[in-house]
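All values reported here derive from a predicted model rather than from experimental measurement.
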Amino acid sequence: MSVYVMVSARIKPGTSQEFERAFEEVRAKVGGTPGHLGEQLLRHSEDPERYTLLGHWESTEKFLAWEDAPIHRENTVPLRPFWAGAVERVIHEIAVDRAGTGARP
């Protein structure tokens, strides 16, 4: 069953453009990772310094294998200078899928 991984955090004030460019750099590196189906970067509509990275993975296991691998730390280096405080990560399993992108069997 596919899952969505949400990584939410605030970034340092005045760094939105640079952060979004860093995200594109990381996106290019992560593309092709086994089990990775894609991602989006969401900016909060009322707080432009709060972002959520929404990753789509084939399974929790595939995501955790990538997250635990040394390549994860290497690939995400460009994002680290921008974080302002705690980074929250939550994995969501799909309960109902009307869009046809990974419904539960």
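- The pair Arg43-Glu20 meets the salt-bridge criterion, with a side-chain N (NZ, NE, NH1 or NH2) lying under 4.0 Å from an Asp/Glu carboxylate O.
- For the pair Glu39 and Phe23, the minimum side-chain heavy-atom distance is below 4.5 Å.
- Rounded to the nearest 0.5 angstrom, His56 NE2 and His92 NE2 are separated by 12.5 Å.
- Between Pro48 and Ser16, the shortest heavy-atom contact is O-OG, 3.5 Å.
- Thr33 meets the side chain to side chain donor-acceptor pair (under 3.5 Å) test with no other residue; sequence neighbours excluded.
- Atom OG1 of Thr60 and atom CD1 of Ile91 lie 5.0 Å apart (nearest 0.5 Å).
- Looking at heavy atoms from C-beta onward, Phe82 lies in side-chain contact with Glu18 at the 4.5 angstrom threshold.
- Atom CG of Leu41 and atom OG1 of Thr52 lie 8.5 Å apart (nearest 0.5 Å).
- Between Arg10 and Arg50 the shortest heavy-atom distance is CG-NH2, 3.5 Å.
- Salt bridge annotation for Arg21-Glu24: absent, with no cationic side-chain nitrogen under 4.0 angstrom from a carboxylate oxygen.
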Handout entry: Test side-chain contact (heavy atoms from CB on, under 4.5 Å) applied to Leu53 and Leu79, step by step
Key = CA-CA 11 Å; Leu53 286 73; Leu79 297 174; 4.0 Å; yes
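- Contact check for Thr76 versus Arg80: side-chain heavy atoms found under the 4.5 Å cut-off.
- Counting heavy atoms from C-beta on, the side chains of Val87 and Ser8 never come closer than 4.5 Å.
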Practice task
Evaluate side chain to side chain donor-acceptor pair (under 3.5 Å) for Tyr4 paired with Glu93, printing each intermediate quantity in order.
Solution key: CA-CA 7 Å; Tyr4 285 92; Glu93 295 178 345; over 6 Å; no
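- Nearest heavy-atom pair across Ala22 and Pro78 is CB-O, 3.5 Å.
- In the hydrophobic clustering of this structure, Leu42 does not group with Val5; members are Ile, Leu, Val, Met, Phe, Trp, Tyr whose side-chain heavy atoms approach within less than 4.5 Å, directly or through other members.
- Val26 and Asn75 make their closest contact through CG2-O, 3.3 Å (heavy atoms, listed as atom of the first residue, atom of the second, distance).
- Contact of the Glu88 side chain with the Val7 side chain is not registered, since no non-hydrogen atoms from C-beta on lie closer than 4.5 Å.
- Interatomic distance, OG of Ser2 versus CG of Asp97, reported as 7.0 Å (0.5 Å rounding).
- The pair Glu25-Lys29 meets the salt-bridge criterion, since a charged nitrogen lies less than 4.0 angstrom from a carboxylate oxygen.
- Scored by the side chain to side chain donor-acceptor pair (under 3.5 Å) test, Arg89 finds Glu67 as partners (sequence neighbours excluded).
- Hydrophobic clustering places Val30 together with Tyr51 (ILVMFWY residues linked when any side-chain heavy atoms are closer than 4.5 Å, directly or through intermediates).
- Less than 6.0 angstrom separates the ring centroid of Trp83 from the ring centroid of Phe19.
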Problem - Full working for ring-ring contact (aromatic ring centres under 6.0 Å, His included) between His36 and Trp57 - result: CA-CA 5 Å; His36 181 251; Trp57 290 82; 4.8 Å; yes
